[in-house]
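As structure tokens, the structure follows; a few thoughts come after it.
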Amino acid sequence: MCHCLLADDIATLAEVKVNGFPCKASATADDFFSSILAKPGATNTTSGSVVTGANVEKVPGLNTLGVSLSRIDYAPGGLNPPHTHPRATELVFVLYGTLNVGFVTTANKLVSKTIAQGDVFAFPRGLVHFQKNTGAEPAAVISAFNSQLPGTQSVATTLFGASPELPDEVLAKAF
């Protein structure tokens with residue numbers, strides 16, 4: 001599956017990893033297939049949203065290809081809280097519903113827009129961004145990433161859920 005390797009010794013190839021994921025001696029169609037994004041996820045979460053990823057962890061054939069997808073489902077009023085993707089730009093395509101989306105630039109300027117079915121919005125790599133369902137009905141998007149594993153860092157969890165905890169005086173001064 002790794003497009004960058006040629007090996008005569010299958011035993012050696014089985015031990016080789018690229019980007020932290022194993023290379024396979026022979027790939028099958030199933031390595032490049034998943035129906036994981038076909039059905040809405042359960043939005044009965046604290047934030048009213050759920051992210052379902054189709055990245056290299058779920059679709060092994062994505063290894064070295066530099067792409068992945070996610071599906072995000074939102075209950076009415078649901079929020080995908082402020083977060084960043086350190087390894088990817090994100091592009092959302094609205095399947096249905098209406099969302100208020102935005103990101104904060106490095107100059108601390110909010111770039112925000114209301115988007116609806118069929119619309120596309122881009123979030124630059126590494127910038128804090130969010131999506132909120134502003135409608136009375138469920139909403140869903142497909143997110144595309146230019147990384148096989150974009151990573152997600154939640155702002156709130158990073159600051160208030162770190163272990164060991166960030167010192168209170170650091171958080172107090174920051175806020």
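The shown structure was predicted, so the numbers you read here are calculated from the model rather than taken from an experiment.
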* Straight-line distance of L149 CG to H85 NE2, nearest 0.5 Å -> 11.5 Å

* **Short side-chain to backbone donor-acceptor contact, S143 and L69, under 3.5 Å** => no

* Checking side-chain contact (heavy atoms from CB on, under 4.5 Å) for the pair Q148/N63: CA distance, chi angles, key distance, verdict? -> CA-CA 6 Å; Q148 67 182 21; N63 196 18; 3.2 Å; yes

* To do: Mark yes or no for whether T157, through its side chain, and G161, through its backbone, hold a donor-acceptor pair below 3.5 Å.
  => no

* **V50 and I72: CA distance, side-chain angles, deciding distance, side-chain contact (heavy atoms from CB on, under 4.5 Å) verdict** => CA-CA 6 Å; V50 64; I72 310 169; over 6 Å; no

* To do: Calculate, to the nearest 0.5 Å, the distance between atoms CD and CZ belonging to Q153 and R87 respectively.
  => 10.0 Å

* Passing candidate, side chain to side chain contact (heavy atoms under 4.5 Å, CB included) with Y74, options L99, T43, T134 -> L99

* May I have all residue pairs that pass ring-ring contact (aromatic ring centres under 6.0 Å, His included) and include part of residues 147-175, sequence neighbours excluded? => F160-F175

* **Test log, rule side-chain contact (heavy atoms from CB on, under 4.5 Å), inputs I142 and V92** => CA-CA 6 Å; I142 295 293; V92 296; over 6 Å; no

* To do: Classify the side-chain pair N133/T98 by whether it contains a donor and acceptor separated by less than 3.5 Å.
  => no

* Asked: Do you know which of I36, D31, L37, D30 makes side chain to side chain contact (heavy atoms under 4.5 Å, CB included) with S34?
  -> I36

* Between V111 and T105, is a side-chain contact (heavy atoms from CB on, under 4.5 Å) present by the stated rule, with each step listed? -> CA-CA 7 Å; V111 176; T105 70; 3.9 Å; yes

* Asked: Counting only N and O atoms by type, is there a donor-acceptor contact under 3.5 Å from the side chain of S35 to the main-chain atoms of A38?
  -> no

* Asked: For the ring pair H83 and F130, is the centre-to-centre distance below 6.0 Å?
  -> no

* In Å and rounded to the nearest 0.5 Å, what is the CZ to OG1 distance from F123 to T84? -> 12.5 Å

* **Within the 6.0 Å centroid threshold, strictly below: H129 and F103** => no

* **Distance-minimising heavy-atom pair for G53 and S70** => CA-OG, 3.6 Å

